[in-house]
Q: 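Structure provided below as structure tokens; questions to follow.
Numbered from 1 within each chain, the chains take letters A, B, ... in sequence-line order. Side chains included, hydrogens not; waters and symmetry mates left out as well; all remaining heavy atoms used.
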There are 2 protein chains.
Amino acid sequence: MDSRLHQTHNPRAPRAPGRPREFEIGEALDKAIVVFSQQGYHGTSISELKDAMGLAAGSLYKAFKDKKAIFLAAFDRYKEVRNAVLEGELQQGSDGRDKVLRMLRVYADASLGEAGRRGCLVVGTAVELGAYDAEAAERVHRSMIRTETVLEALVREGQADGSIAPGIDPVATARLLLSILYGLRVLGKTGPTPEQSRSVVETALKLLD
Amino acid sequence: MDSRLHQTHNPRAPRAPGRPREFEIGEALDKAIVVFSQQGYHGTSISELKDAMGLAAGSLYKAFKDKKAIFLAAFDRYKEVRNAVLEGELQQGSDGRDKVLRMLRVYADASLGEAGRRGCLVVGTAVELGAYDAEAAERVHRSMIRTETVLEALVREGQADGSIAPGIDPVATARLLLSILYGLRVLGKTGPTPEQSRSVVETALKLLD
DNA sequence: CGTATTAGGAAATGATCGTTCCCAAATAGG
DNA sequence: CCTATTTGGGAACGATCATTTCCTAATACG
């Protein structure tokens, strides 16, 4: 298996001979993310995928090994994009408490409107493929552990800077906040109002007192 | 369409002529619930369904209009079963706070072990079919609203009997608890430890103070 | 007891699935 | 400038999908 297959074009890498690729893998994956998030893995056919990505079936299978490889590449890109959004927000946080608040808001905002109805690819993959595909399940698990670890670190940070009560358990609180984040994404599938999402975030802050 | 098609056998109803059905629709649906919860709607083929339910394809299509009708009937039965479990627990609750605790525990327990990996059919349907099938989305929405309403009533009950702080907002708290319940079911797909689920429940109780 | 009606179950149906094949087009290296 | 190599894209592939058909078995009703 060629490791270049699932990478975006790197202009510094030695150029292989042959006809150059006419599309950006990253842009194509962004379109795949939309379809996969909306319809799930089994609910998305290669035919729909090629229409959404603007590619012929042959081109798809030259860029990716099979349907699952497309999905996993889309999953990885989704995680990259969402992690970048999250990190950008966290950097603006003034203290631990404010960073937890911003993290909750990122998920609450993502659960609103069209994006909310589309759904979270991590949650979707956990639910649809968690008991079906080991590779997908492992990525989901890693992603969840990472998010949980971030939350735990933020709680500890808040306890260190005095913005979060010293008596609370960072591990238990992080786990509960994790439940809330994914719960928000599930509720987002049914089209909540911005007020509903906001009230969840505000009320959850009580856990930091 | 014959309304008897999706009902379990009722011995008091006037018996129709013809060969009697050799299987119990309810038992067959119980087996369908397992498969649908595990693999989702699109991930489950009629072939798998007939194997799991112990029926031939022809018999399936005599009992149900099509695959979606099987799924919706399984969804309805799932809700009946889970609602019965929940109601049984709530009746044992001593006051509002204890009832909220018991409700959290029902979801935390359901998210453990094999049943947890199997997943919640409401969450699964929301995620997989929420943006795909209007009929499924409506059932999910009704189910979520109902659960949210129960939570809100329990909070009010606790405020009335003095077990829950009078200052908290029942609507906002119910919504947050709802997020936690569904979040627990998502996390259940990755095989949490009993300690993790228990700590979520314990920590969430802080929201009632 | 015969007829109408329904269920059981296997085989057949057409559609769509994921994947491969094939050929023309476009590049790099010699 | 030719050759090797890769991509684009559409046609073709076998497999599997959901569904129907068809025949036999079992019941209710007159």
Q: Could you state the atom-to-atom distance from NZ of B/Lys50 to C1' of C/dA11 in whole Å?
A: 12 Å
Q: What residues, two or more places apart in sequence or in another chain, satisfy salt bridge (Lys or Arg N to Asp or Glu O under 4.0 Å) together with A/Arg185?
A: none
Q: Per the atom types in the model, does the base of D/dT7 pair as donor or acceptor with the side chain of A/Arg19 at under 3.5 Å?
A: yes
Q: Using whole Å, what does the distance between atom C1' of nucleotide C/dG8 and atom CG of B/Asp51 come to?
A: 16 Å
Q: Kindly write out the residues that satisfy salt bridge (Lys or Arg N to Asp or Glu O under 4.0 Å) with B/Arg156, not counting sequence neighbours, or none if the list is empty.
A: B/Glu152
Q: Tell me whether A/Ser199 contacts the main-chain N or O of A/Gln196 through its side chain, where contact means a donor paired with an acceptor under 3.5 Å.
A: yes
Q: Can you list every pair that meets ring-ring contact (aromatic ring centres under 6.0 Å, His included) and has a residue in residues 16-39 of chain B, with sequence neighbours left out?
A: B/Phe36-B/Phe71
Q: For B/Glu22 and for A/Leu55, find the nucleotide of DNA chain D with the closest heavy atom, then tell me which residue's nucleotide is more 5'.
A: A/Leu55
Q: C/dT16 P sits how many Å from A/Leu49 CG, rounded?
A: 18 Å
Q: Taking salt bridge (Lys or Arg N to Asp or Glu O under 4.0 Å) as the test, write out the residues that go with B/Asp109, two or more places apart.
A: none
Q: Under the salt bridge (Lys or Arg N to Asp or Glu O under 4.0 Å) test, which residues partner A/Asp66, sequence neighbours left out?
A: none
Q: Once each nucleotide of nucleotides 14-21 of chain D is scored for protein heavy atoms under 4.0 Å, what B/S/- sequence comes out, 5' to 3'?
A: ---SSBB-
Q: I need the CZ-P distance between B/Phe23 and C/dA7, as an integer number of Å.
A: 8 Å
